[in-house]
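Structure record follows, encoded as structure tokens.
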Amino acid sequence: MVIGICSALERAQWTVWDQQAVMTPASYVEAVHRSGAMVLLLPPDPALTAEPDEVLDLLDGLMLAGGSDIEPDVYGAPRHPLTVDTVRVRDDFEIALAGRALERDIPVLGICRGMQVLNVVRGGTLVQDLPERYGHSDHRRVTGSFEGSDHEVRLAAGSLAARAAGELRHATKSHHHQGVERVGEGLVVTGWTDLDDVPEAIEDPTRSFALGVQWHPEADDRSRLIGALVDAARARRAGRVQEVG
């Protein structure tokens with residue numbers, strides 16, 4: 001199985017270098033490897049934004065990783081002062097890939113920013129700063145760290161989120177300051193945080209596996225969510241082999 005992971009485009013430092021780099025935290029890759037699949041890293045590519053099938057034909061599943069804020073213009077909103085570090089070329093790329101993957105029913109898992117991308121793909125909007133809206137910073141207690149970030153979410157019985165997590169109350173690691181506001185067309189909210197009822201999971205019940213979670217399963221060795229994506233990718237590949245056969 002091949003899982004494509006959309007990569008960030010950020011300025012980075014390593015050894016003697018300080019320059020633009022294509023980046024994916026190793027925790028995402030390692031989680032996919034532990035689940036028995038290969039990884040194809042997908043940097044923003046305008047050519048693939050225009051023709052996403054060229055890369056989707058190579059994939060059994062797609063993961064939208066966490067990262068920078070999404071450009072508000074994409075979902076028709078003015079920029080909030082605390083919406084920062086947007087990368088429009090990445091937004092356009094991931095929206096194109098995710099939208100086409102949903103159309104083709106390729107398994108998709110959106111993580112943190114990735115959940116927000118899925119919502120935007122379907123015409124949804126975002127809360128641009130949760131601390132301002134709800135009066136607390138418990139969704140991102142320590143910037144740049146998951147320290148002290150654990151909190152529980154409630155998952156809807158029978159939902160894909162609950163099946164993937166293997167339980168109805170799920171301990172999570174959180175690190176975000178934005179979240180889903182208006183839910184996109186065809187999506188349903190199937191997870192909520194006990195902190196303030198902010199949506200923590202969304203899914204499309206008409207697809208075989210289309211799930212967005214606001215937390216970070218790649219940071220939790222106990223999490224079953226990335227394994228569930230790989231299982232869905234394996235099932236899709238097996239089905240395609242049978243069709244050819």
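Worth saying up front: this structure is predicted, and the values here are computed from it rather than measured. Residue indices begin at 1 and follow the sequence shown.
Here the closest heavy-atom approach between residue Gly186 and residue Asp204 is recorded as O-OD1, 3.6 Å. Contact detail for Met23 and Glu10: the closest heavy-atom pair is SD-CB, 3.7 Å. Counting all heavy atoms, side chain and backbone alike, Leu155 lies closest to Ala161 at CD1-O, 3.7 Å. Leu118 and Gly110 get closest at one heavy-atom pair: CD1-N, 4.0 Å.
Gln116 places a side-chain N or O within 3.5 Å of a backbone atom of Gln178 that can act as its donor or acceptor partner. Of the possible donor and acceptor atoms, one in the side chain of Asp91 sits under 3.5 Å from a partner among the backbone N and O of Glu71. A donor-acceptor distance shorter than 3.5 angstrom exists from the side chain of Gln20 to the backbone of Arg11, with no hydrogens or angles considered. The backbone N or O of Leu126 lies less than 3.5 Å from no partner atom in the side chain of Arg182, so there is not a single donor-acceptor pair. Within the 3.5 Å criterion, the main-chain N or O of Glu185 finds a donor-acceptor partner in the side chain of Arg122. Side-chain atoms of Asn119 come within 3.5 Å of backbone N or O of Thr125 as a donor-acceptor pair. No donor-acceptor distance shorter than 3.5 angstrom exists from the side chain of Ser223 to the backbone of Asp220, with no hydrogens or angles considered. Asp60 places a side-chain N or O within donor-acceptor distance of the main-chain N or O of Val2, the cut-off being under 3.5 Å.
Under the side-chain contact (heavy atoms from CB on, under 4.5 Å) rule, Arg34 has a single partner from Val230, Asp221, Ile226, which is Asp221. If you run side-chain contact (heavy atoms from CB on, under 4.5 Å) between Met115 and each of Gln214, Glu200, Glu203, only Gln214 comes through.
When the shell of 6.0 Å around CH2 of Trp14 is examined, it contains more than 12 heavy atoms from other residues, nucleotides or ligands. Remark: Glu167 CD is packed, more than 12 non-hydrogen atoms of other residues, nucleotides or ligands lying under 6.0 Å away.
Residues satisfying the salt bridge (charged side-chain N to carboxylate O under 4.0 Å, His left out) test with Arg100, not counting sequence neighbours, are Asp53, Glu103.
Side-chain contact check for Asp105 and Ser208: at least one donor-acceptor pair (N or O, by modelled atom type) lies under 3.5 Å.
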